[in-house]
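Accompanying notes for the structure given below.
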Amino acid sequence: MNDKQVIILGAGIGGLTLALSLHQAGIACRVYEAVPELKPLGVGVNLLPHAVRELTELGLLPQLDKVGVRTKESIFFTEHGQLIFQEAAGEHAGYDWPQFSIHRGDLQTVLFEETLKRLGPDSVVCNHRCTGVTQDAGGVTVHFADAPAVRGAVAIGCDGIHSALRKQLYPNEGAPRYSGVNMWRGTARWKPFLSGASMVRAGWLAVGKMVIYPIRNDIDAEGHQLVNWVAEIHAPQPAMRDWSRTGRLEDFLPAFADWHFDWLDVPALIRASDTILEYPMVDQDPLPRWTHGRLTLLGDAAHPMVPRGSNGAGQAIIDARFLAGALKDLGVGTAALEDYDRVRVKATTNVVLTNRSNPPDAILREVFERSGGKRFGQIEDVVSHAELQAISDNYKRVAGYDPVALKARASYL
């Protein structure tokens with residue numbers, strides 16, 4: 001038992017990125033995961049340039065290129081299929097790093113395989129469900145449901161929105177906060193559309209909103225892609241909070257029945273999906289602090305956010321890199337965790353609140369409200385390009401991927 005190591009609770013995106021980053025920094029760690037076996041679950045996520053920078057500095061760009069799609073553009077349409085706003089993404093927008101659209105399971109698999117390769121086959125231990133963590137002047141003791149306790153220097157809760165460590169630190173917090181929106185998600189085998197690497201947002205929540213983008217290229221001999229889609233609709237009552245709950249077409253497809261556009265037949269795409277999942281769009285109010293002595297939180301355990309800025313996975317990756325840098329510079333102890341808390345709580349609080357009020361798809365809200373949901377002659381009759389660009393640029397600043405600031409920022413490690 002190594003009582004000097006960092007104990008990581010959870011082998012998701014944040015936990016595995018932290019393990020790889022600590023290894024890069026020369027700091028011993030081990031990951032403990034609750035499930036008996038890691039499986040490539042989930043659907044699509046987007047990795048914006050600030051997150052891809054961190055994965056590039058871990059030497060993972062070739063692996064990401066094998067499994068993901070380099071996003072070329074972000075493009076917005078009305079529910080009538082009319083173009084609202086379009087801007088280049090990643091290196092096409094002048095960044096030094098690409099933007100990736102990728103299956104969450106593929107991303108986790110890349111991180112998992114690299115962790116085992118670099119840190120050793122026993123660096124990730126499954127079937128260890130944390131039931132609590134105690135601490136003293138010399139370190140932490142992590143307790144598990146059906147396994148012996150382990151000892152370490154610090155414990156990092158990377159165990160998601162149902163985090164055991166978060167519940168220990170904030171036992172009276174209550175259930176996640178419902179945003180008033182239900183979501184249905186799926187993936188379908190489809191021919192490339194638009195640029196073949198476009199991230200589409202269309203419609204609006206009052207009448208039905210879609211987010212659509214490819215997450216795997218050339219999945220068969222005919223050149224099909226795996227295309228990820230998310231349908232979002234305002235609803236007074238949340239769907240059951242079960243992340244594997246199967247969705248029913250009749251509950252949401254009517255909202256998109258007429259979305260037959262020259263660039264995509266949306267109802268046909270939805271019907272072509274093998275599996276449809278339904279769940280409520282939820283987050284949690286930001287916490288005042290994550291760090292309590294030798295314990296802290298990271299990723300969704302620290303700052304669950306509504307998925308309206310392509311930033312959940314990205315912020316977890318940045319958490320991990322910043323924390324690894326702090327532990328390298330300040331030593332494996334409370335000073336590093338306090339420094340991490342001081343910087344990352346404020347930064348992610350701003351992202352969580354902006355995702356609620358003014359994420360990039362606020363562009364769709366502005367057009368829907370000003371046009372009354374009706375067709376227009378040209379978008380400039382509804383809203384200026386400068387106003388729409390300002391919404392996009394403000395989010396980049398809040399989320400930490402303003403191109404000038406990102407290029408100027410020093411590396412975390």
Side-chain angles (χ1 to χ4, degrees), residues 41-46 76-81 101 103-105 160-162 173-188 199-213 215 227-259 264-286 300 303-313 351-369 373 395:
L41 302 177
V43 281
V45 297
N46 265 271
F76 298 76
F77 294 93
T78 69
E79 66 272 28
H80 309 295
S101 297
H103 193 291
R104 184 198 173 278
I161 195 168
H162 301 297
E173 184 178 26
R177 170 190 171 277
Y178 178 52
S179 69
V181 176
N182 281 329
M183 301 187 297
W184 294 262
R185 305 190 69 159
T187 56
M199 181 179 182
V200 169
R201 297 177 178 94
W204 184 239
L205 298 168
V207 293
K209 171 177 170 279
M210 293 288 294
V211 182
I212 307 167
Y213 51 89
I215 55 175
V227 174
N228 182 85
W229 59 265
V230 187
E232 306 171 10
I233 303 175
H234 272 311
Q237 294 297 322
M240 186 180 297
R241 192 157 47 86
D242 175 356
W243 306 116
S244 59
R245 177 181 171 85
T246 301
R248 304 185 307 169
L249 283 173
E250 58 266 32
D251 289 340
F252 72 100
L253 187 58
F256 308 99
D258 297 329
W259 286 33
L264 186 65
D265 186 329
V266 174
L269 174 75
I270 293 171
R271 286 196 179 96
S273 304
D274 292 331
T275 303
I276 296 171
L277 300 176
E278 174 195 35
Y279 37 86
M281 185 183 288
V282 297
D283 66 3
Q284 291 277 35
D285 288 332
D300 280 351
H303 48 73
M305 58 186 68
V306 293
R308 293 180 60 196
S310 305
N311 237 313
V351 177
V352 169
L353 298 180
T354 303
N355 276 13
R356 291 180 182 177
S357 62
N358 231 30
D361 60 7
I363 286 172
L364 299 176
R365 179 193 66 208
E366 289 301 308
V367 173
F368 180 81
E369 291 180 350
Y395 190 78

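Residue indices begin at 1 and follow the sequence shown.
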Only counting residues at least two apart or in another chain, list the ones meeting ring-ring contact (aromatic ring centres under 6.0 Å, His included) with Tyr213.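 Here no residue qualifies.
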I'd like to check the side chain to side chain donor-acceptor pair (under 3.5 Å) partners of Asn355; sequence neighbours left out, ordered by chain and number.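 Per chain and number, Asn355 pairs via side chain to side chain donor-acceptor pair (under 3.5 Å) with Tyr395.
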Which atom pair, heavy atoms only, marks the closest approach of [X] to [Y]?
| X | Y | answer |
| --- | --- | --- |
| Ser310 | Met199 | OG-CE, 3.2 Å |
| Trp259 | Ala202 | CH2-O, 3.6 Å |
| Ala206 | Phe368 | CB-CE2, 3.9 Å |
| Ala188 | Ser273 | CB-OG, 3.8 Å |
| Gly44 | Asn228 | N-OD1, 2.8 Å |

Atom pair CE/CD of Met210 and Glu79 - distance to nearest 0.5 Å: 13.5 Å
Asp251 and Asn182: side-chain contact (heavy atoms from CB on, under 4.5 Å), yes or no, with the steps? CA-CA 10 Å; Asp251 289 340; Asn182 281 329; over 6 Å; no
So the salt bridge (Lys or Arg N to Asp or Glu O under 4.0 Å) pairs with at least one residue in residues 175-188 (sequence neighbours excluded) are Arg177-Asp283
Derivation and outcome, side-chain contact (heavy atoms from CB on, under 4.5 Å), residues Asp300 and His162: CA-CA 9 Å; Asp300 280 351; His162 301 297; over 6 Å; no
Heavy-atom distance under 4.5 Å between the side chains of Val266 and Ile270, does that happen here?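 Yes; the side chains approach each other to less than 4.5 Å.
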Tell me if the CD atom of Glu250 is crowded by more than 12 foreign heavy atoms within 6.0 Å. yes
